[in-house]
Undergrad: 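After the structure tokens below, expect a handful of questions from me.
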Amino acid sequence: MKWRRLPLGPIQTNCYLFSNDAKECLVIDPGGDANKLISILQQQHLKPVAILLTHAHFDHIGAVDEIRNEWKIPVYVHKNEKDWLTNPSLNASQNFMGGAVTVSEADELIKSEGTLTIGSFSLEIYETPGHSPGSVSYYSAEAGLVFSGDALFAGSIGRTDLLDGNHDQLIKSIQDKLLTLPEDTLVLSGHGPETSIEAEMERNPFLNGF
């Protein structure tokens, strides 16, 4: 398995391409710059098979429809944010963009934790709310990595002052779900560089004592 980070959209949110040897890939959080993303996928001869959203804030969804329509693939989002894709007051674009970022409804709703299998890809879904009510993290034991969205960053954690954010809930999500992963697990966040579970346990100022 291979991964590539692509900062995209108005605030350079990390989109990830997670691919196998057959050049199939999952597109995680396509936040914007659809033409650039499509061009990179075509240049790399990658074939997207699904779009996975860690959550539905505007900066993570901007290129969803273009990628979905180009390859006719399903979009996955947690049920708690089912309505956020189509509602700019929920996905925060109304407040931050001075306009509306909306995309079509998701094709598949994540209703619980468990194994998500798409073709040859198998990921464990962990519900990690706090930054938003439907935040999820996708863990690949095979690749030794977790896509943490805006829950956990290198040296920081997600903001909790947006709609339905909850600081205590976020800390609990990180403690109970992410910090229980193997310490050498690579953490691929929604913003900024990659880190590891071990590094965040040792040095993240928000997680002292965990």
Undergrad: Are a donor atom and an acceptor atom from the side chains of Ser173 and Glu127 found within less than 3.5 Å of each other?
TA: no

Undergrad: More than 12 heavy atoms of other residues, nucleotides or ligands under 6.0 Å from CD of Glu142: is that the case?
TA: no

Undergrad: Just so I know, are the side chains of Asn14 and Asp29 near enough to count as touching, which here means a heavy-atom distance under 4.5 Å?
TA: no

Undergrad: Starting from the C-alpha separation in whole Å, work towards a yes-or-no answer on side chain to side chain contact (heavy atoms under 4.5 Å, CB included) for Asp107 and Ile73.
TA: CA-CA 9 Å; Asp107 305 283; Ile73 56 177; over 6 Å; no

Undergrad: Can you find a side-chain donor-acceptor pair between Thr128 and Ser137 that sits under 3.5 Å?
TA: yes

Undergrad: Please test Val77 against Lys82 for side chain to side chain contact (heavy atoms under 4.5 Å, CB included), starting from the C-alpha separation and ending with a verdict.
TA: CA-CA 7 Å; Val77 74; Lys82 173 182 181 293; 5.6 Å; no

Undergrad: Are Val103 and Trp71 connected into the same hydrophobic cluster when the rule is that any two of I, L, V, M, F, W, Y join if their side-chain heavy atoms are below 4.5 Å apart?
TA: yes

Undergrad: Any side-chain to backbone donor/acceptor pair from Tyr16 onto Ser189? Under 3.5 Å, distance only.
TA: yes

Undergrad: Step by step, would you call His191 with Phe153 a side chain to side chain contact (heavy atoms under 4.5 Å, CB included)?
TA: CA-CA 7 Å; His191 302 273; Phe153 303 126; 4.0 Å; yes

Undergrad: When the ring planes of Phe18 and Phe121 are compared, do they come out parallel, tilted or perpendicular, using 30° and 60° as the limits?
TA: tilted

Undergrad: Does any part of the side chain of Leu52, heavy atoms only, come nearer than 4.5 Å to the side chain of Ile118, both counted from C-beta?
TA: yes

Undergrad: So, applying side-chain hydrogen bond (donor to acceptor under 3.5 Å, both in side chains) with Ser132, which one of His78, Glu81, His57, His60 is it?
TA: Glu81

Undergrad: Using the ring of each side chain (for Trp, its six-membered ring), is Tyr126 parallel, tilted or perpendicular to Tyr139, with breaks at 30° and 60°?
TA: tilted

Undergrad: Apply the test side chain to side chain contact (heavy atoms under 4.5 Å, CB included) to residues Leu152 and Phe206: give CA-CA distance (whole Å), side-chain angles for both, the deciding distance (0.1 Å), then the verdict.
TA: CA-CA 10 Å; Leu152 180 62; Phe206 295 92; over 6 Å; no

Undergrad: Donor-acceptor check, side chain of Thr54 to backbone of Val136, threshold 3.5 angstrom: yes or no?
TA: no

Undergrad: Apply side chain to side chain donor-acceptor pair (under 3.5 Å) to Ser196 and Glu200, showing your working.
TA: CA-CA 6 Å; Ser196 70; Glu200 298 317 301; over 6 Å; no

Undergrad: Between Asp21 and Lys2, is the closest basic N to carboxylate O distance under 4.0 Å?
TA: no

Undergrad: Is there side-chain contact between Trp3 and Leu145, with heavy atoms separated by less than 4.5 Å?
TA: yes

Undergrad: Are side-chain N/O atoms of Thr115 and Glu124 paired as donor and acceptor at under 3.5 Å?
TA: yes

Undergrad: Do you see a donor-acceptor pair shorter than 3.5 Å between the side chains of Asn166 and His131?
TA: no

Undergrad: Could you go step by step and tell me if Arg159 and Asp150 meet the salt bridge (Lys or Arg N to Asp or Glu O under 4.0 Å) rule?
TA: CA-CA 8 Å; Arg159 62 188 296 176; Asp150 287 2; over 6 Å; no

